[in-house]
Amino acid sequence: MVANLGIPAVALVTEKFWPQGDFVAGSIGMPDIPRVKLPHPVAGTGAENMRRVAQSIVPDILAALRRDA
Amino acid sequence: MTAMLSAADEMAAVEHLHALRCTDGLPVIVPTAERVNRLVLATGLDPDMVLGTMGPAGGVATVEKVAVAAVMAGCLPDHMPVVIAAVKAVIDPAFDLTEMQSTTHCTAPLIIVNGPARAACGGISGGFGALGPGHRANASIGRALRLAMINIGGARPGESDMALLGHPGKFTYCLAEDEENSPFPPLHTALGFAPEDSVVTVIGAEAPHSVLYSPTGEIAEDARRLAQVLAIGLANVATNNAQLRNGAAVVVLNPEHAQVFQKANLSREAIQKALFGYCFHRPETLKAVAGGFAPKGDDRGPIHAFRTHEDILVLVAGGTGLYSMVMPTWCAGPHVNRFVSKTVEMNAFCEVTFQPTH
């Protein structure tokens, strides 16, 4: 929805939900929307682990945004 | 215009529909053009009339496509007004259909039917076992909505319907209120409709949870204890209603339990208010067990499961006895997966005589 407004956006999707990401990206007509894969699960793994995951994906998010530009 | 498939015979067609993941896993009636046209005709509506779009696929729900789902579900022409109204209800943006179809929570659209449509649209049961097997209209109407959600909305397990386990009500989940055996005015009149209206109210709901209460004959105490035990089932600390809060929920009173409240001179609204009052937890209780959804901060006051008593739908259905049912809900989505009521339009419908084909 954000990407549809022309605002650069990256979807963060855990690996278990990657197929759902494929489905939704296709159904909204944005099959190439930038996505970054996260390990699963992230929710419920504690603040420290979430910070670690967040730090590890920063380069992927920046790369996805640059590819989309 | 709907694409046509071909198959060697009826059985091959059913297998083909299974292979295409167009079924709910059970055999379906093959939606031939003739059968679909019969149900479209019964609606009195243009087959290409758009009712709305259904997420997460964003499929366009035309009258014809809904009729395809209804044929597959085994619907009769008489059922169509209710099927159309139920589809209109879930398409309403307040229902959050896309999000509800996609969630990991176990939730299914419960269709509650009020008014003359209960008898006129195929005899929708609100009596013994209304949510169980053996009631053709209940089973077919609920299944038609599910098949529309699968084939128009695109909900398929593990791919776009991410319910971790789901529940059996995802096959079909439809009942009528037993207005004749209820001591209260019909549910739809409490939602702003006229008694003579026919109305479907659709709410995303968990499977029914049984609540046992055996009255003792102490009128005021029976009413208090019944409300309290219903509230425990409705918003115990394991429910989304307790932990996420602000959603709605359903209480289905059997006629005997409804009488317990009526004898204590409690109206539907008074019952709702009593339930609202009991549906809370202390912050320390939630902090002790709710993990990531535990409340933050040092507030000491009770945390209510509902925003208002009006978010607790109370109706009467089922055989008479010691068991009522409660259905907690998901409590998420942009509109908190709001329940939606739609009028069942019966005037536009044509009479269709059943003529078996060979």
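Throughout, protein chains are lettered first and strands after them, A, B, ... in sequence-line order, and every chain is numbered starting at 1.
- In this structure, A:Lys16 and B:Met162 approach most closely via the heavy-atom pair O-CE, 4.2 Å.
- Counting non-hydrogen atoms of neighbouring residues, nucleotides and ligands closer than 6.0 angstrom, the CD atom of A:Glu48 reaches no more than 12 such neighbours.
- Of the atoms belonging to B:Thr104, it is side-chain heavy atoms, and not backbone ones, that fall under 4.5 Å from chain A.
- In this structure a side-chain-to-backbone donor-acceptor pair under 3.5 Å is missing from A:Ser27 to B:Gly58.
- Atom CD1 of A:Ile7 sits in a crowded spot, with more than 12 heavy atoms from other residues, nucleotides or ligands closer than 6.0 Å.
- Between A:Gln20 and B:Ser160, the shortest heavy-atom distance links the atoms NE2-O, 4.0 Å.
- Atom CD1 of B:Ile29 has 12 or fewer neighbouring heavy atoms from other residues, nucleotides or ligands inside a 6.0 Å radius.
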